[in-house]
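Positions are given from 1, in the same order as the sequence printed here.
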Amino acid sequence: QGQVLESGGGLVQAGGSLRLSCAASPQITTRYDMGWFRQAPGKEREFVGVIRWTPVGGTHVADSFKGRFSISRDKRGNTMHLQMNNLKPEDTAVYYCAVARNALQRAGNDPSDFTSWGQGTQVTVSS
């Protein structure tokens, strides 16, 4: 922990939207993929999506979230965002961003492909 800083969680009603942010240094964002995961109580950590290091760019969102979640980066390139729309109660979880384990390599979707996890931010969706 310490290389990334998440923010933006909170309580939202079903059907609402939230945007999570994850800030990191240029030394990280220009060399490492950064991923989003979530973990609900009693469940394993689940891959949400990944954004490639700059200038490669590009994003990949897990199929189960496509159409509702998207990942982007701010113009400076040092903060990535997870935009979550049409939220459902089952989206309630702690959301984490993390830095890929290997520089200048495409990370997979397993938590073991990532290191330097953020502290997590709670997202609660009420019905």
Check: Is there a side-chain contact between Gln3 and Ser25 (heavy atoms, below 4.5 Å)?
Finding: no
Note to self: Could you check whether any side-chain heavy atom of Trp53 comes within less than 4.5 Å of a side-chain heavy atom of Thr30, counting everything from C-beta outward?
What the structure shows: no
Notebook entry, point to check: How would you list, by chain and number, every residue that makes a salt bridge (charged side-chain N to carboxylate O under 4.0 Å, His left out) with Arg38, sequence neighbours excluded?
Noted result: Glu46, Asp91
Check: Is there side-chain contact between Leu5 and Gln119, with heavy atoms separated by less than 4.5 Å?
Finding: yes
Notebook entry, point to check: With Thr124, which residues qualify under side-chain hydrogen bond (donor to acceptor under 3.5 Å, both in side chains), at least two apart?
Noted result: Gln122
Note to self: Val61 vs Ile71, test: side-chain contact (heavy atoms from CB on, under 4.5 Å). Steps then yes/no.
What the structure shows: CA-CA 7 Å; Val61 175; Ile71 298 173; 4.2 Å; yes
Check: Is Arg31 reaching over with its side chain to a backbone N or O of Ala103, donor-acceptor style, under 3.5 angstrom?
Finding: no
Next item on the list: For Arg106, enumerate each residue passing the salt bridge (charged side-chain N to carboxylate O under 4.0 Å, His left out) test, keeping only those at least two apart in sequence or located in another chain.
Entry: none
Checklist line | Those residues that, when tested against Lys66, pass salt bridge (charged side-chain N to carboxylate O under 4.0 Å, His left out) (two or more places apart) | finding: Asp63
Notebook entry, point to check: Can any side-chain N or O of Asp113 pair as donor or acceptor with the backbone N or O of Gly108 at less than 3.5 Å?
Noted result: yes
Margin query: Quick one, Met84 and Leu20 - any side-chain contact, counting heavy atoms below 4.5 Å?
Written below: yes
Notebook entry, point to check: Which residues pass the ring-ring contact (aromatic ring centres under 6.0 Å, His included) test with Phe37, sequence neighbours left out?
Noted result: Phe47, Phe114, Trp117
Next item on the list: With sequence neighbours excluded, tell me which residues meet side-chain hydrogen bond (donor to acceptor under 3.5 Å, both in side chains) with Asp110.
Entry: Ser112
Next item on the list: Look at the side chain of Asp74 and the backbone N and O of Thr79, then say whether any donor-acceptor pair between them is shorter than 3.5 Å.
Entry: yes
Item checked: Exam field: side chain Thr92 to backbone Val125, donor-acceptor pair closer than 3.5 Å -> yes
Check: Side chains of Gln39 and Tyr96: does their closest heavy-atom pair fall under 4.5 Å?
Finding: yes
